[in-house]
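Below is one structure, written out as structure tokens; comments come after it.
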2 protein chains.
Amino acid sequence: MAVTLALVNDYEVVVQGLASMLRAYEGRVHVVELDMEQAVSVPVDIALYDTFAAPQGDQAQLHDLAADPMVGKAVVYSWNMDASLVEAALANGAQGYISKGLPASQLVLALEEIRAGTGRIYPAAGRDLTSAGDWPGRHEGLTQREAEVLSLITQGLSNAEIADRTHLSINTVKSYIRSGYRRIGVDNRTQAVLWGVSHGFLPDRGRITRAYTESP
Amino acid sequence: MAVTLALVNDYEVVVQGLASMLRAYEGRVHVVELDMEQAVSVPVDIALYDTFAAPQGDQAQLHDLAADPMVGKAVVYSWNMDASLVEAALANGAQGYISKGLPASQLVLALEEIRAGTGRIYPAAGRDLTSAGDWPGRHEGLTQREAEVLSLITQGLSNAEIADRTHLSINTVKSYIRSGYRRIGVDNRTQAVLWGVSHGFLPDRGRITRAYTESP
DNA sequence: CGTCTTCCCACCCGCAGGGGTGGTTTTTTC
DNA sequence: GAAAAAACCACCCCTGCGGGTGGGAAGACG
């Protein structure tokens with residue numbers, strides 16, 4: 001029986017990218033709903049919380065998601081595999097933690113095992129940077145991390161706040177700012193914000209529901 | 001015969017405010033058109049160019065307006081009454097220069113005299129700050145100058161660029177930034193830009209035409 | 001007349017931001 | 001194997017920004 005899944009992130013392009021990635025595994029994982037700044041509205045086995053430009057698994061957002069009676073299990077999907085952060089997320093209500101470095105096939109397997117209760121933590125051996133998925137600015141050539149930092153800039157966060165949010169060094173954040181600004185051709189934060197506002201970098205709001213019927 | 005008038009500025013609220021201000025003088029001055037980032041589309045006696053958050057009278061925008069065959073006379077409407085700027089604007093094609101400090105009754109008289117060719121420069125004796133008119137952020141309590149600076153911030157200009165644009169000292173610009181930020185409750189430029197974007201501080205685009213029939 | 005508001009300005013100071021330099025590790029491509 | 005790309009990081013340096021302080025002039029209002 002397929003895992004019923006809600007995809008949770010504030011950027012529609014992110015949850016749509018994830019849904020596309022999982023389409024090839026429709027018999028094993030069924031995406032029931034995509035939620036942007038909305039609570040899950042139907043019962044699902046797993047709510048997959050993508051941390052792109054969002055609070056990490058140790059924060060209230062994940063805690064609320066895990067406490068939602070519609071949600072069987074809340075699972076974090078993130079680049080950050082620091083042991084302390086993973087532990088904090090699990091202590092915060094998450095029942096699984098999956099690296100974004102995993103290819104789709106292994107993501108699906110992880111979801112099935114988490115749903116069955118036979119596994120919890122799924123790091124990637126390396127970083128599969130060719131994995132599918134989508135993010136704002138991808139067409140403009142921004143890497144995932146550049147896009148994430150730019151999204152947080154567009155949300156109004158300072159560099160220090162971004163470093164805190166992403167669990168990266170301030171120096172790393174500045175590196176992404178530098179390279180990101182060069183890619184989109186802006187010189188300063190104000191221009192970056194205006195660029196971000198006009199290119200889909202503000203969080204979206206809404207829900208997309210998909211009909212689900214059990215195969216006979 | 002009434003002066004036919006086009007009102008030119010990139011912020012609809014500004015040209016709408018001016019139009020309201022002049023409504024009481026309908027028999028003497030008729031607002032034919034309000035233009036935001038659009039060329040004047042019908043022949044008018046005077047195109048009144050409001051410099052709110054716009055290039056001053058010595059720049060290409062005024063020059064193009066004065067050169068437009070639809071425009072009888074291009075007139076600058078501004079807070080800046082520096083003799084050198086006024087001269088530069090006149091040399092740039094303006095055929096009149098009116099202070100924003102004038103009350104409406106004197107503005108109308110000035111327009112009539114400019115149309116008749118009997119006057120050109122109309123400073124205010126002082127500053128009539130109670131004059132009507134409208135600008136972005138007025139309902140939020142921003143003064144005209146605070147709003148203008150914030151509009152230019154929202155357009156992406158740096159403090160130095162704003163000082164250059166408005167012919168104010170950098171110190172004055174910073175003062176308006178400080179007081180403006182306090183009024184709208186933001187702490188930094190990024191938040192100010194986001195506030196501006198969501199409160200009508202980006203330039204508008206379009207034209208509003210008004211039917212005009214000569215009184216019998 | 002005193003107070004408040006608005007427009008305008010000077011100066012002091014600290015730091016957030018952004019330019020630069022350099023590096024390591026992993027994966028992919030030629 | 002070499003080069004490129006992406007994620008991650010350190011350090012140096014300068015300046016734009018925004019906090020503060022203070023002031024003057026003019027108009028409106030009580």
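In what follows, chains are A, B, ... by sequence order, proteins preceding strands, each numbered from 1.
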| note | The bend of the helix from C:dC1-D:dG30 to C:dC30-D:dG1, taken between the axes of its five terminal pairs at each end and rounded to 10°, is 40°
| For the pair made of CH2 in B:W79 and P in C:dC9, what is the distance, rounded to whole Å? | 14 Å
| remark: From OH of A:Y176 across to C1' of D:dC9 the rounded distance in Å is 9 Å
| With a non-hydrogen cut-off below 4.0 angstrom, is B:S169 in contact with a base, only sugar-phosphate, or nothing? | sugar-phosphate
| query | Under the side chain to side chain donor-acceptor pair (under 3.5 Å) test, which residues partner A:T51, sequence neighbours left out? | reply | A:S78
| request: Check whether any side-chain N or O of B:R183 sits under 4.0 Å from OP1 or OP2 of C:dT6, and answer yes or no. | output: yes
| OP1 or OP2 of C:dC7 under 4.0 Å from side-chain N/O of B:T143 | yes
| query | Tell me: CG of A:L168 to P of D:dA7, nearest whole Å? | reply | 10 Å
| message | The criterion is side-chain contact (heavy atoms from CB on, under 4.5 Å); which residues satisfy it with A:D50, sequence neighbours excluded? | response | A:N9, A:V14, A:L18, A:F52, A:Y77, A:K100
| said: Rounding to an integer number of Å, can you tell me how far A:Q191 CD sits from C:dG18 P? | reply: 10 Å
| field | Residue pairs involving residues 140-150 of chain A (criterion salt bridge (charged side-chain N to carboxylate O under 4.0 Å, His left out); sequence neighbours excluded) | value | A:R145-A:E148, A:E146-A:R183
| d(CD1, A:I162; C1', C:dA16) in whole Å | 12 Å
| Between B:H63 and B:Q59, a side-chain donor and acceptor under 3.5 Å | no
| message | If the condition is side chain to side chain donor-acceptor pair (under 3.5 Å), which residues does B:R28 pass it with, not counting sequence neighbours? | response | B:E112
| request: Can you tell me the distance, in whole Å, between the CD atom of A:Q144 and the P atom of D:dC8? | output: 10 Å
| said: Measuring to OP1 and OP2 of C:dC7, would you say a side-chain N or O of B:T172 lies under 4.0 angstrom away? | reply: no
| request: Report the distance from atom CD of A:E146 to atom C1' of D:dC8, rounded to the nearest whole Å. | output: 13 Å
| said: For B:V8 versus B:A47, what's the shortest heavy-atom pair and its separation? | reply: CG2-CB, 4.4 Å
| Contacts of type side-chain contact (heavy atoms from CB on, under 4.5 Å), residue B:D68, not counting sequence neighbours | B:A39, B:V40, B:M70, B:V71
| field | Those residues that, when tested against B:L202, pass side-chain contact (heavy atoms from CB on, under 4.5 Å) (two or more places apart) | value | A:L194, B:T154, B:V197
| Short side-chain N/O contact from B:N171 to OP1 or OP2 of C:dA10, under 4.0 Å | yes
| said: Expressed as a whole number of angstroms, how long is the span from B:E148:CD to C:dT6:P? | reply: 16 Å
| field | B/S/- contact track for nucleotides 14-21 of chain D, protein heavy atom under 4.0 Å | value | ---BBBBB
| request: Provide the full list of ring pair (Phe, Tyr, Trp, His ring centres under 6.0 Å) pairs with a residue in residues 156-197 of chain B, sequence neighbours left out, each pair given once. | output: B:W195-B:H199, B:W195-B:F201
